[in-house]
Amino acid sequence: MHDQYLAATIASPRGGKPNRREVSLTASVSSSPESLAPRRWIAHLDMDAFFASVELLKYPELRGEAVVIGGGRLQQPVLQPDGTRQFARMRDYVGRGVVTTSTYAARAFGVFSAMGIMKAARLAPDSILLPADFEAYREYSTRFKQAVANLAPVIQNVGIDEIYIDLSEHGDGAPAFAARLKAAVFDATGLSCSIGLAPNKLLAKICSDLEKPDGLTILHPEDIATRVWPLPAKKINGIGPKATAKLAAMGIVTIGELAQADLGMLRTQFGDLYTGWLHQAALGIDDRPVQTSRETKSVSRETTFERDLQVVRDRAVLSEKLESLCTRVAGDLDKHALAGRTVGIKLRFEDFSTVTRDITLPSATADAAAILRATRDCLRRVPFEKKIRLLGVRISTLCDPSQSTRQAPAQAELFPAL
DNA sequence: TCTGGGGTCCTAGGACCC
DNA sequence: TCTGGGGTCCTAGGACCC
């Protein structure tokens, strides 16, 4: 009977939201209950407090301390004449940064990712504040992923510190194999990770979080009611703050409550596709494969100013920032051997409202000057009544740069020049 | 005490084609 | 003459994730 969880149907792409094409497969598959997919074992491997743990390798004297990692613009530790290091303290911070991550000791004070550093400083004023060192994190990321890849080839990159691994071929040996992976990651990096092992990605992701840090959590389909249903619905990857609030307003807090919710009631809030996905997710159903590669869809750069800027008075600074962002986007395109046709800007104002404008060019480009010209076209369409907090540049509709001078599809040329 | 930066995907309306 | 329906592209905004 549990095979419904394995053979099940709905799929949710990255971000957790339903995808029209995949959902349309649902009816045909679920209407034939005898169609049994082979049992899958999917592991979700999540490094424990990754950035903070890398920092502790760099600065072992901080082990056990409450340490917070902020953005890259923060003050570096200062080496003293006596050989010890002087670290910045949270209470001395002034600015607009947010917490990237924190050690478990800092989390005990209530300091978590995405919190403003100023707010975090009030909760833990004596905590140590370190700048993010992405070069080091990328280095350790490569190491742990390579260590896993040496043993298990079917890997999906999720971010710098997370992967999914398809361990189906190991059958009953999958749990023991997952333990081997943990050991291999530790050998390669000196860092611990947590692994969730389950019949699909959705459940594996939930599981890896259940026994953090240094956990290995195995979930069988028959455990869903006891181990998954009591958890808050927001533990499902794809149910964020907005959906959580809407669910709570309907009296739905746990995954179990969501599983039993009336679909008609859910539909009044969410629409057909998301409703269907919510229901299946609550039942632990997820058929998405482990995807070993994906193509880049967009490239962007953005920056938040240290103070809000005025269009007229700060025109020179804004122009300079815009040009710099375009140059960086062009550099990223070059690095990835890509060009793009749709150039867009993003503005966030002092009241945190955000607008975007974009324009699709007749042919793809990777040239900073061409990107800059396009962003200026976009900027002309923005009403400037408020001070600007953030400026961003994005390029999408990407292709191979060898096609960048090629004419766009005939249809696009029919549009009047803007 | 206001909230970074780099992404993906979905929705929805209008233009346009067949 | 009037109506319509499917499909694709473009644009803007928003939810969500790490």
Side-chain angles (χ1 to χ4, degrees), chain A residues 11-23 46-47 50-51 69-74 90 93-101 112-123 131-132 134 137 141 157-163 205 234 236-246 270-274 277 291 294-306 308 325 328-329 332 341-348 350-362 377-378 381-382 389-398 408-416 418:
Chain A
S12 135
R14 216 194 134 56
K17 293 203 218 155
N19 167 299
R20 178 174 290 130
R21 188 172 47 77
E22 289 169 311
V23 170
D46 195 23
M47 298 299 288
F50 183 54
F51 297 178
I69 316 296
R73 297 184 206 164
L74 300 171
M90 291 280 281
Y93 176 81
V94 179
R96 298 177 144 179
V98 299
V99 173
T100 299
T101 191
F112 296 100
S113 302
M115 181 181 282
I117 297 176
M118 296 286 267
K119 174 179 177 177
R122 240 163 303 104
L123 297 170
F134 285 95
Y137 310 149
S141 178
N157 275 317
V158 182
I160 196 165
D161 66 340
E162 275 181 46
I163 49 176
K205 169 86 177 167
K234 63 172 177 242
I236 291 174
N237 196 254
I239 300 182
K242 302 286 179 181
T244 299
K246 278 188 181 180
F270 295 111
D272 287 357
L273 285 173
Y274 194 65
W277 176 80
Q291 272 195 309
R294 325 170 43 93
E295 57 183 64
T296 304
K297 299 287 174 62
S298 68
V299 171
S300 67
R301 289 283 180 164
E302 64 184 51
T303 186
T304 296
F305 308 128
E306 280 163 37
D308 298 335
L325 289 166
R328 290 162 73 193
V329 166
D332 292 343
R341 278 180 61 220
T342 305
V343 175
I345 54 155
K346 168 172 158 183
L347 287 136
R348 178 165 290 151
E350 54 189 329
D351 63 357
F352 226 69
S353 61
T354 304
V355 300
T356 62
R357 294 291 181 270
D358 58 52
I359 186 168
T360 300
L361 305 171
D377 284 347
C378 292
R381 312 205 303 265
V382 178
R389 174 188 182 91
L390 169 150
L391 179 61
V393 173
R394 170 185 313 270
I395 188 158
S396 55
T397 323
L398 303 178
Q411 184 146 322
E413 294 183 90
L414 297 175
F415 284 82
L418 294 174

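Below, chains carry the letters A, B, ... as their sequence lines are ordered, and counting in each starts from 1.
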Nucleotide nearest A:Val355 when distance is taken to its side chain, options C:dG13, B:dG7, B:dT3: C:dG13
Test side chain to side chain contact (heavy atoms under 4.5 Å, CB included) applied to A:Ile239 and A:Trp277, step by step: CA-CA 10 Å; A:Ile239 300 182; A:Trp277 176 80; 4.0 Å; yes
Sequence-distant partners of A:Thr342, side chain to side chain contact (heavy atoms under 4.5 Å, CB included), two or more places apart: A:Asp358, A:Thr360, A:Ser396, A:Thr397
For A:Phe270, ring pair (Phe, Tyr, Trp, His ring centres under 6.0 Å) partners two or more places apart: A:Tyr274
Sugar-phosphate only, base, or nothing, as touched by A:Thr296 at under 4.0 Å among non-hydrogen atoms: sugar-phosphate
Nearest to side-chain heavy atoms of A:Ile359, which nucleotide of C:dG13, C:dT11, C:dC18: C:dT11
Anti/syn call for B:dC2, syn if |chi| within 90°: syn
Sugar-phosphate, base or nothing in reach of A:Val299, heavy atoms under 4.0 Å: sugar-phosphate
Sugar-phosphate only, base, or nothing, as touched by A:Lys346 at under 4.0 Å among non-hydrogen atoms: nothing
Test: A:Arg96 and A:Glu306 ion pair at under 4.0 Å: no
Length of the line joining A:Lys234:NZ and C:dC18:C1', which is rounded to integer Å: 18 Å
Under 5.5 Å and under 30°: A:Phe352 stacked on B:dT3: yes
Sugar-phosphate, base or nothing in reach of A:Arg122, heavy atoms under 4.0 Å: base
side-chain N/O A:Arg348 vs B:dT3 OP1/OP2, d < 4.0 Å: no
Candidates C:dC18, B:dG4, C:dC10 - which lies nearest the side chain of A:Arg341: C:dC10
Closest nucleotide among C:dC10, B:dT3, B:dT8 to the A:Arg96 side chain: B:dT3
Separation of B:dT1 P from A:Met115 CE (nearest whole Å): 13 Å
Candidate nucleotides C:dA12, B:dT1, C:dC16, ranked by approach to the side chain of A:Lys119 - the nearest: B:dT1
A:Lys297 side chain, from C-beta outward: closest of B:dT8, B:dG4, C:dC18: B:dT8
Any A:Asn237 side-chain N or O less than 4.0 Å from OP1/OP2 of C:dC18: yes
Value in whole Å for how far the P atom of B:dT11 lies from CG of A:Asp272: 10 Å
A:Glu295 CD to B:dC9 P, straight-line distance once rounded to whole Å: 10 Å
Phosphate OP1/OP2 of C:dC18: any A:Lys205 side-chain N/O under 4.0 Å: yes
Nearest-neighbour nucleotide for the A:Glu302 side chain, C:dA12, B:dG5, C:dC18 considered: B:dG5
Aromatic plane relationship, A:Phe51 with A:Phe134 - under 30° parallel, 30 to 60° tilted, over 60° perpendicular: perpendicular
Rounded distance [0.5 Å steps], OG1 in A:Thr356 versus CG in A:Leu347: 9.5 Å
Sugar-phosphate only, base, or nothing, as touched by A:Ala121 at under 4.0 Å among non-hydrogen atoms: nothing
Touch class at under 4.0 angstrom, heavy-atom based, for A:Thr303 against every strand present: sugar-phosphate
Pair A:Lys205-A:Glu162, salt bridge (Lys or Arg N to Asp or Glu O under 4.0 Å): steps then yes or no: CA-CA 10 Å; A:Lys205 169 86 177 167; A:Glu162 275 181 46; 3.1 Å; yes
Between B:dG6 (P) and A:Arg328 (CZ): distance, integer Å: 6 Å
Check: A:Thr100 side chain, A:Gly70 main-chain N or O, donor-acceptor pair, under 3.5 Å: yes
B:dG6 phosphate, OP1 or OP2, under 4.0 Å from A:Ser300 side-chain N/O: no
Terminal axes of the helix from B:dG5-C:dC18 to B:dC18-C:dG5 (five pairs each): angle between them, nearest 10 degrees: 10°
Closest to side chain of A:Glu162, choosing from B:dT3, B:dT8, C:dC18: C:dC18
Sugar-phosphate, base or nothing in reach of A:Arg301, heavy atoms under 4.0 Å: sugar-phosphate
Main-chain N/O of A:Val343 paired with A:Arg394 side-chain donor or acceptor, under 3.5 Å: no
A:Lys242, nearest nucleotide to its side chain (from C:dA15, C:dG13, B:dC9): C:dA15
Distance between C1' atoms of B:dC16 and C:dG4 (Å, rounded): 15 Å
Touch class at under 4.0 angstrom, heavy-atom based, for A:Ile236 against every strand present: sugar-phosphate
Spacing between A:Gln291 atom CD and B:dT8 atom C1', to the nearest angstrom: 12 Å
Sub-4.5 Å side-chain heavy-atom contact between A:Arg389 and A:Glu350: no
Whole-Å gap separating P (C:dC10) and CZ (A:Arg394): 17 Å
Whichever of A:Glu350 and A:Ser298 has its nearest DNA chain B nucleotide further upstream toward 5': A:Glu350
Distance, rounded to the nearest Å, where A:Asp308 contributes CG and B:dG4 contributes P: 11 Å
Among C:dT11, B:dG4, C:dC18, the one nearest A:Thr360 by side-chain distance: C:dT11
